[in-house]
Amino acid sequence: MFAAFSALSARGRGAARLAAATLASGLAAATVLAGAGTAVAAPAADATVPSQGGATATIGGLKTYGAAVVHADSGDQEISAGLFEMSVDGGGMLQTYCVDIHNPTQRGAKYHETPWSGTSLGANKDSGKIRWILQNSYPQVNDLAALAGKAGVKGGLTEQDAAAGTQVAIWRYSDGVKVDAVDPQAEQLADYLEKNARGVAEPEASLRLDPPAVSGHAGERLGPVTVHTNADGVTLTPPADAATSGVRIVDKDGKAVTTAADGGQVFFDVPEKAADGQAELTVQASTTVPVGRAFAAESRSQTQILAGSSESTVSATASASWAESGAIPALSAAENCDKGGVDITAANEGDAPFTFELLGIEHSIPAGTSRTVTVPLQEDQAYDFTIEGPNGFQKRFTGVLDCMTQVGEADAAGSVTQTLSEPSPATVGSAPDDTNLAATGGSSMTPLIAGLAIGLVVIGGAALIVVRKREASTQE
C-alpha cells in the first residue's frame, strides 16, 4: 500500500499563479489597512467563524482506506480513498468522506458543521445522491456480507474495499472526476452505488439557533431565539456576567430556564436600568450528528461530509445587544456559495437607522427592520472584517471561502504528481503536526499553501475587508 499526494489535482503552475494573485490581493488589502489608522489594528470583538451551530471537530487522518486512480488528460494518478476520523470538541468521534478531491487536507485542521449552502454541495444538483450513498453503504451499512450481496460482489468486501468503493462513488458526484477504485471489489461497489443513487434531502442541523442574534431596548425580553435540534434536550448557559448585569435567560412567560427542547423559544430578559451592552447565550447538547451533514474547515482544508457519528457534543451561541435609544443592531453571518460570498444579516430594533459601510458602499438599516448584504469574495479568499455600532458594539467575522471543487483546464494542464511510498497515510517530515496529511486528495503543495495562507493572514488576511460603522445622524 502506498499513499499519494495529488498537487491540487495537481495544480502545478496553476498553484503558482493562484499564489501570486492571492499575494497581490493581500498586499493591496494591507495597503488599505495601513491607511485606516489604528482604530482597526486590534478589534475588541472576538473573531467569529460564520457557523449556524452544531459539532466542531478536529480532523485526524484516514483510518480505513484503499487505493483509487484519478484519470485526467495529464495522466493517471493514484491516491488513497476512504474514511477520515475526527475528534469532536467536548467529546465524540465522527467518520467522514471527502467531497473536495482537488484540495489538500491539513492534519489538525478545525472543522465545523455547516449547511450545504456554505460548501460546494449547495450548488451541486447531485448532493442528494451523495447522501443516499452515505445512507446505503459503509459504515452505515456495516454488514459487509449483505452490502456485497446487494452490489453483486463475489468474494465479499473488506472494510478497506467498502470504504474505498464508497469514497470513489461519492467523488463521481461531488467532483465530477473520472476515478476508479484499484481493488476490483471496491470498484464494483462504487459502480453499484453510483448507478443506484437517488436524491435525498439535506439533513437538518444537529443544533442551531434561529435567529443567532437579537436586539432591543433595556427593560424588554429580547427574542425569541428558537432552538432546533435532534437531541432530546439542550442545556442553556446564561451570559458570563449575568450575576452583575442581571440579564436572565427566560421562557415566554418570563420564567428563568436552564434547559430547552426542540422548538423551544427562549429570551434574553434585560433589566430596565441595565447599561447599554451585549450578552451571549451558549446552548449545548449531546447527540448523534445526522449523516450527510457537511463539515467545512476554518482553514484551507478539503470539505468533508459525515458518514457516521458517535454520541457527540454539539453547541451553538446566540447574542443579544440592547440600548436605551438610537440604533440597536443585531448581526450574524453565513457563507453563501451560490452568491460567492458571505451574507451579513443586520437587524435593527432601535429607534434610529443603523448605518455601516461594506466595500465602500454605505448601507442603512431603518429602525425596526432587517436586511441581508452579501460581501463578494474570490474562491479560496480569506476574509476578516469588523462591523461597529454605537455604545461600543462590535462584531468581527473571519474565515476562508471554499465553494469550488474543480480547477480549470489551464491549471490541470500543468499538473505534477508526486507519489511517496508510505505504509499508511501519515504526515511526511520530522514533525507530525507541521505538514500535510497524505490522504484523500492530499497534496505535496500543502506546506507551501499553508505557509502562504499564514503569511497572508498576517499581512492582510488575503483580502482583509474593513467594515466601519458610521454614526447615525441622531447619534452625532
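Since this is a predicted model, take the numbers as computed values, not measurements.
Residues Thr282 and Thr317 have side chains that never bring a donor and an acceptor to within less than 3.5 angstrom of each other. Side-chain contact, Thr287 with Asn230: a donor N or O sits under 3.5 Å from an acceptor N or O. Side-chain atoms of Glu335 and Tyr383 include a donor-acceptor pair closer than 3.5 Å. With hydrogens and angles left out, the side-chain atoms of Thr105 and Gln302 include a donor and acceptor closer than 3.5 Å. Side-chain contact of Tyr111 with Ser301: a donor-acceptor pair under 3.5 Å is present, judged by distance alone.
Screening Thr96, Asp100, Thr119 for a side chain to side chain donor-acceptor pair (under 3.5 Å) involving Gln304 leaves a single residue, Thr96. For the side chain to side chain contact (heavy atoms under 4.5 Å, CB included) with Val234, the qualifying choice from Val266, Leu209, Thr229 is Thr229, the only one to do so. Exactly one residue among Val289, Thr56, Leu94, Val314 makes a side chain to side chain contact (heavy atoms under 4.5 Å, CB included) with Val88. That residue is Leu94.
Using a cutoff of 4.0 Å between basic side-chain nitrogens and carboxylate oxygens, Asp89 and Lys110 are scored as salt-bridged. We find that Glu113 and Arg293 are joined by a salt bridge, their nearest charged nitrogen and carboxylate oxygen being less than 4.0 Å apart. A salt bridge between Arg221 and Glu349 is absent, with no side-chain N of the basic residue lying under 4.0 Å from a carboxylate O of the acidic one.
Listed by chain and number, the residues in a salt bridge (Lys or Arg N to Asp or Glu O under 4.0 Å) with Asp210 amount to none (sequence neighbours excluded).
The aromatic rings of Phe385 and Phe397 are tilted relative to each other, their planes meeting at an angle between 30° and 60°.
The list of salt bridge (charged side-chain N to carboxylate O under 4.0 Å, His left out) pairs with a residue in residues 241-258, not counting sequence neighbours, reads Arg248-Asp269.
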